[in-house]
Amino acid sequence: MRFVGAAEIERALDYPSLVDALREAFRAGCSLPPRHHHEVEVPGGTPGTLLLMPAWRPGGAMGVKIVTVFPDNGTRGLPAVLGSYMLVDGVTGAPQAILDGRMLTVRRTAAASALAASYLARKDAARLLVVGTGQLAPQLARAHAAVRPIREVRVWGRSRDKAAAVAAELSAAGLAAEAATDLAAAAAWADVVTCATLAREPIVQGAWLRPGAHLDLVGGFTPAMREADDEAVRRASVWVDTREGALHEAGDIVQPMASGVLAAEAVHGDLFTLCRGEAQGRQDEAEITLFKSVGTALEDLAAAELAVARA
């Protein structure tokens, strides 16, 4: 059995190739049992989360990801999200590889946002705002730049120093990036706004968004977490990664549905319908689009297979 580490995964999963692999995976589909979602008590601290995410294609590959999300890890010098992935032969059940779950998760998550943007963001989108300064922030910028002609990036975070550090990392990688101090102004400037935070109250206000903007909400993965307000939902055409996941687990969808701001039938579609051509994405240049992802084990399986094949 092989072990595929973070550096190998990062080298193997370039964003153009990974976006294409995810597109094909959503077209083909696979078996996706509901993921296990457990709260883990942390005495004296913020509760953590344990996620178990299996997926398989009958007669093909099978895998399961074990993920932990512990929000207080930043104070310990550790990433908030950690985990591992086991890839298994779907015919014999024999383990084939163990992969670093953290890198696999951030790469496939960013690629899924880029995949959605390839249908929902304007084709001429050139200005990107990244909200958040965690491990996903630079990955999201690189992924979006793989599908749209991003020329300028601004990074906003509660810590200006962290925002500046992310901007410097992106600049070193060839993207013109700088830290933003005024979130409202940066959101109004951007063609694409991507959010990757652990916020429980909305950060981005819909009133800030310019006509034609695309809003990419990545961070929230429970009904209690939320990154954008009701006005963003009202103004936008709403899309999700999977209906089953987002309509039950994503606070940015669940909360507006509970209050009557959003009807389930008003969600235009998901990555399955977009990738299969069963739904049309952006309708016009002035339309505001909103994409909410919570993640799906299909993405992990596709990314793990590609990483093992290339590593």
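Along the sequence shown, residues are numbered consecutively beginning with 1.
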Item to complete: Give a yes or no on whether the backbone of Ala186 and the side-chain of Arg154 come within a donor-acceptor separation of less than 3.5 Å.
Response: no
Item to complete: Would you confirm whether Thr242, through its side chain, and Gly245, through its main-chain N or O, come within 3.5 Å as a donor-acceptor pair?
Response: yes
Discussion item. With a 3.5 Å distance limit and no angle check, can you tell me whether Asp252 reaches the backbone of Arg226 through a side-chain donor-acceptor pair?
Written reply: no
Practice prompt. Give a yes or no on whether the backbone of Ile150 and the side-chain of Arg127 come within a donor-acceptor separation of less than 3.5 Å.
Written response: no
Discussion item. Check the orientation of Phe221 and His37. Use parallel for under 30°, tilted for 30 to 60°, and perpendicular for over 60°.
Written reply: tilted
Worksheet item: Quick one: are Val204 and Asp229 in side-chain contact, heavy atoms under 4.5 Å?
Response: no
Fill in: Any side-chain donor near an acceptor of the partner, Gln96 and Arg2, under 3.5 Å
no
Worksheet entry | Heavy-atom check, side chain of Asp14 versus side chain of Arg310, under 4.5 Å | yes
Discussion item. Determine whether a donor-acceptor pair (N or O, by modelled atom type, separation under 3.5 Å) exists between the side chain of Arg282 and the backbone of Asp284.
Written reply: yes
Discussion item. Leu217 vs Phe291, test: side-chain contact (heavy atoms from CB on, under 4.5 Å). Steps then yes/no.
Written reply: CA-CA 6 Å; Leu217 303 176; Phe291 174 69; over 6 Å; no
Fill in: Residue pair Asp72 / Phe70, side-chain heavy-atom distance below 4.5 Å
no
Fill in: Test log, rule salt bridge (Lys or Arg N to Asp or Glu O under 4.0 Å), inputs Glu305 and Arg57
CA-CA 12 Å; Glu305 284 189 279; Arg57 292 193 313 277; 2.7 Å; yes
Which pairs would a plain distance check flag for residues 80-92, meaning a side-chain donor or acceptor within less than 3.5 Å of a matching protein atom at least two apart in sequence or in another chain?
from	atom 1	to	atom 2	distance (Å)
Asp89	OD1	Val91	N	2.7
Asp89	OD1	Thr92	N	3.0
Thr92	OG1	Ala94	N	3.1

List, one per line, each side-chain donor-acceptor pair under 3.5 Å for residues 19-34, sequence neighbours excluded.
from	atom 1	to	atom 2	distance (Å)
Arg23	NH1	Ser118	OG	3.3
Arg23	NH1	Tyr119	OH	2.9
Glu24	OE2	Arg27	NH1	2.6
Arg27	NE	Cys275	O	2.9
Ser31	OG	Trp56	NE1	3.4

